[in-house]
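First the structure, in the form of C-alpha cells, and then the observations on it.
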Amino acid sequence: MPSINALGAELSGEGLTVLLVDISEPRDVVARAAAARGYTARVLLDSTGRAADAYRVTATPTTYLIGRDGLLLGGAVGPRPWTSPSGRALLRALLSSAGPPPVR
C-alpha cells in the first residue's frame, strides 16, 4: 500500500481522493494495522459489512472509481497497477474530464 499513499499524494491536487475501507474488523485492530503500514489515506470501517454488500465486494482488494458527481465510473477486483504509467494515465484522464458514461 505504500504505492497508494504515493499515488494519493501525487494526484490529490488533481482531485483524487483515496479512501480505504476495512470490512468487519475491530477498530483497534484496523488502527494498529494502518499505523504500522503507514497509511496516509482515510480508513473507513465497515463493521457490519453493509457497504461491502451494497457494493458487492467479493474479494479484496476491490477498487471502485467514483466520479466527482458520485456516480460509479468503474471498478476492479484484485491488485491493479494503479501506479504504473498506464494506471496513472487512466486516473489522470478520469480526473481531467467527465470520464466515460457512469456504470449504474
Side-chain angles (χ1 to χ4, degrees):
M1 285 289 210
S3 60
I4 293 298
N5 286 338
L7 192 62
E10 176 185 334
L11 299 178
S12 67
E14 296 175 49
L16 180 70
T17 300
V18 175
L19 300 173
L20 306 173
V21 180
D22 183 87
I23 303 168
S24 302
E25 290 186 299
R27 179 181 301 271
D28 61 323
V29 171
V30 175
R32 282 195 306 273
R37 295 175 182 160
Y39 295 159
T40 56
R42 190 175 343 169
V43 180
L44 308 176
L45 301 177
D46 181 17
S47 58
T48 64
R50 286 178 54 197
D53 289 344
Y55 280 90
R56 297 183 180 133
V57 174
T58 59
T60 58
T62 296
T63 303
Y64 288 104
L65 303 173
I66 300 171
R68 296 174 199 267
D69 57 4
L71 295 176
L72 182 64
L73 298 175
V77 176
R80 293 293 189 275
W82 299 113
T83 58
S84 71
S86 61
R88 281 183 165 89
L90 170 64
L91 293 173
R92 281 200 165 95
L94 292 172
L95 289 167
S96 68
S97 70
V103 176
R104 294 182 185 214

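Not measured: the values here are computed from a predicted model.
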With Arg92 via side-chain hydrogen bond (donor to acceptor under 3.5 Å, both in side chains) - residues at least two apart: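 Expected list: Glu10, Glu14.
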
Rounded to the nearest 0.5 Å, how far does [atom2] of [Y] lie from [atom1] of [X]?
| X | Y | atom1 | atom2 | answer |
| --- | --- | --- | --- | --- |
| Asp53 | Thr58 | CG | OG1 | 11.0 Å |
| Leu19 | Leu44 | CG | CG | 5.0 Å |
| Thr60 | Leu20 | OG1 | CG | 12.0 Å |

Expected output: side-chain Arg68 to main-chain Leu95 donor-acceptor under 3.5 Å: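 Present.
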
Shortest non-hydrogen separation from Asn5 to Gly38 and the atoms involved: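 In this case the closest contact between Asn5 and Gly38 is ND2-O, 2.8 Å.
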
Closest contact, heavy atoms only, Pro61 versus Pro79: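 In terms of heavy atoms, the two residues are closest at CG-N, 3.9 Å.
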
Stepwise side chain to side chain contact (heavy atoms under 4.5 Å, CB included) check, Leu65 with Trp82: CA-CA 11 Å; Leu65 303 173; Trp82 299 113; 4.1 Å; yes

Hydrophobic cluster membership, Tyr39 vs Val21, 4.5 Å side-chain cutoff: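 No, no single cluster joins them.
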
Leu7 reachable from Leu73 in the ILVMFWY side-chain graph, under 4.5 Å edges: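 Shared cluster, yes.
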
Arg42, CZ atom: more than 12 neighbouring heavy atoms under 6.0 Å: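 Check fails, neighbour count at 12 or below.
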
Set of side-chain contact (heavy atoms from CB on, under 4.5 Å) partners for Thr48, sequence neighbours left out: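 Applying side-chain contact (heavy atoms from CB on, under 4.5 Å) to Thr48 gives Asp46, Arg50.
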
Which residues share a side-chain contact (heavy atoms from CB on, under 4.5 Å) with Tyr55, sequence neighbours left out: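 side-chain contact (heavy atoms from CB on, under 4.5 Å) list for Tyr55, sorted by chain: Val57, Tyr64, Ile66.
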
